[in-house]
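Since the structure comes first, as structure tokens, the remarks are kept for the end.
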There are 2 protein chains.
Amino acid sequence: MKQTLHKIGDLAEALNLSSDTLRYYEKQGLLTAAKRSSNGYRFYSEAEIGRLEFILSAKKVGFTLNEIKQLLALEVTKDEKSCADVKSFVDDKLDDVNIRLLELERIKKSLLSLSAACCGGPEPATHCTILEALAGTEVSSKSGSSA
Amino acid sequence: MKQTLHKIGDLAEALNLSSDTLRYYEKQGLLTAAKRSSNGYRFYSEAEIGRLEFILSAKKVGFTLNEIKQLLALEVTKDEKSCADVKSFVDDKLDDVNIRLLELERIKKSLLSLSAACCGGPEPATHCTILEALAGTEVSSKSGSSA
DNA sequence: ATAAACCTTAGAGTTAGCTCCAAGGTCAAG
DNA sequence: CTTGACCTTGGAGCTAACTCTAAGGTTTAT
């Protein structure tokens, strides 16, 4: 089955960004069109959509375009040497992702407690600000052992 | 017990950013020193450290300084009206945080599968790139129903 | 008492990530 | 066969978030 190809404007509209941004990503080496038609128009296939979704996801959680480019460039090969390199890079990124997950969970908890404290209940404003809410969700982490 | 107060340079070093950045955050209304000494030096207390940690966490997971400022400005009051406003704002942010959590989990899974595929095993390179790894972790979400 | 290591301000410069503009080619509809 | 909505390129402009520079005050150590 032949892949459906999308023009830049359609892809842009579908994923809610501008054609300019797509051309910018191409210039930055993040996303190249699957092909160009004879008149020079860019055409994107499903593979590019997947790639673009990944780019947007990663951007949303705070990765820079450069980091995303590195992630997309990763290739696990049979070559032992490059494999070890890739693994250590991936493991570093995993640490990073895990930290972000923890940060997000903390923020989520404080937002939840804020949302719950708000209105509705008879006991209004237990935690009045996000920082108080955050302190309320804190288990007890008092240490600064990482530089 | 009297709070320990920290000079700008000490705080900067402790949280691994520059004094310039701290002054910048002050100018942006994100973080004001607890007090100024007679010579104009800024002094920060534990409360400011907590606030700064929140700022850095939120920044790390992709919030802008402006969004962070709004989050820090939130106050649940007894006033019904403002309370509803706050709640809807907080709930929006919660949606946002939940999306980020999902994105991060997806990325984490693909990194894990990439790390596992790499070296070590007898079956090398099952998923060679992050996108293939990502596709491998996909349950089956084929729909574009939002916009 | 003077040098090193801090701190202050105001403002200029930098980088990332777009975003817009000008000048022009393409194509479907009427 | 032209009008309007697309697409192309190159390059200028913009905003966020720093980062640096200049000119100067303070504090501590010798």
Side-chain angles (χ1 to χ4, degrees), chain A residues 4-45 48-49 51-73 96 100 103, chain B residues 4-45 48-49 51-73 96 100 103:
Chain A
T4 27
L5 294 175
H6 312 268
K7 282 199 286 185
I8 197 167
D10 297 341
L11 181 57
E13 191 180 10
L15 295 227
N16 202 34
L17 34 60
S18 72
S19 302
D20 273 332
T21 299
L22 287 172
R23 288 188 207 100
Y24 175 72
Y25 286 171
E26 179 167 308
K27 200 177 291 177
Q28 301 305 307
L30 272 98
L31 185 76
T32 314
K35 58 167 288 190
R36 295 289 192 116
S37 61
S38 54
N39 55 28
Y41 285 20
R42 290 168 179 82
F43 280 91
Y44 300 88
S45 69
E48 278 73 44
I49 295 181
R51 193 177 172 95
L52 182 53
E53 282 172 344
F54 176 79
I55 293 168
L56 298 178
S57 283
K59 217 167 70 66
K60 177 112 193 172
V61 297
F63 287 102
T64 65
L65 295 188
N66 241 310
E67 289 173 309
I68 297 169
K69 191 176 169 183
Q70 290 181 314
L71 285 171
L72 287 168
D96 199 337
R100 278 169 221 239
E103 316 265 31
Chain B
T4 28
L5 293 174
H6 311 269
K7 282 199 287 186
I8 196 167
D10 297 342
L11 182 57
E13 191 180 11
L15 295 227
N16 200 33
L17 35 58
S18 73
S19 301
D20 273 331
T21 300
L22 287 171
R23 287 189 208 100
Y24 175 71
Y25 286 170
E26 180 168 309
K27 200 178 289 178
Q28 300 307 305
L30 271 99
L31 184 76
T32 315
K35 56 167 289 190
R36 294 289 191 116
S37 61
S38 53
N39 55 29
Y41 285 20
R42 289 169 178 83
F43 281 90
Y44 300 88
S45 70
E48 278 73 43
I49 296 181
R51 194 177 171 95
L52 182 52
E53 281 171 345
F54 176 79
I55 292 169
L56 297 178
S57 284
K59 219 168 69 65
K60 176 110 194 174
V61 298
F63 287 103
T64 66
L65 295 188
N66 240 312
E67 289 173 308
I68 296 169
K69 191 175 167 182
Q70 289 181 315
L71 286 171
L72 287 168
D96 199 337
R100 278 168 223 240
E103 315 266 28

Checklist line | Qualifying residues under salt bridge (charged side-chain N to carboxylate O under 4.0 Å, His left out), relative to B:Glu13, sequence neighbours excluded | finding: none
Check: So is A:Arg100 actually on top of A:Phe63's ring, under 6.0 Å and inside 45° of the axis?
Finding: yes
Check: Sub-3.5 Å donor-acceptor pair from the side chain of B:Arg51 to the main-chain atoms of B:Leu30, do we have one?
Finding: yes
Margin query: Could you tell me if B:Asn66 and B:Thr64 have a donor-acceptor pair between their side chains, going purely by distance under 3.5 Å?
Written below: no
Notebook entry, point to check: Between atom CG in A:Asn16 and atom P in C:dC18, what is the gap in whole Å?
Noted result: 13 Å
Next item on the list: To the nearest Å, give me how far apart CD1 (B:Ile68) and C1' (D:dC18) are.
Entry: 14 Å
Note to self: What is the separation between atom OH on A:Tyr44 and atom C1' on D:dC6, rounded to the nearest whole Å?
What the structure shows: 14 Å
Margin query: So, using salt bridge (charged side-chain N to carboxylate O under 4.0 Å, His left out) as the criterion, who are the partners of A:Asp20 when residues are at least two apart?
Written below: A:Arg23
Margin query: From CD of B:Glu67 over to P of D:dT15, roughly how many Å is that when rounded to an integer?
Written below: 18 Å
Next item on the list: Starting at the 5' end of nucleotides 1-17 of chain C, put B wherever the base has a protein heavy atom under 4.0 Å, S where only the sugar-phosphate does, and a dash everywhere else.
Entry: -----BSBB-------B
Note to self: Apply side chain to side chain contact (heavy atoms under 4.5 Å, CB included) to residues A:Ile49 and A:His6 and explain how you reach the verdict.
What the structure shows: CA-CA 9 Å; A:Ile49 295 181; A:His6 312 268; 3.7 Å; yes
Notebook entry, point to check: Whole-Å distance between D:dC6 P and A:Leu22 CG?
Noted result: 15 Å
Checklist line | Gap between atoms CD and P, on B:Gln28 and D:dT19 respectively (whole Å) | finding: 14 Å
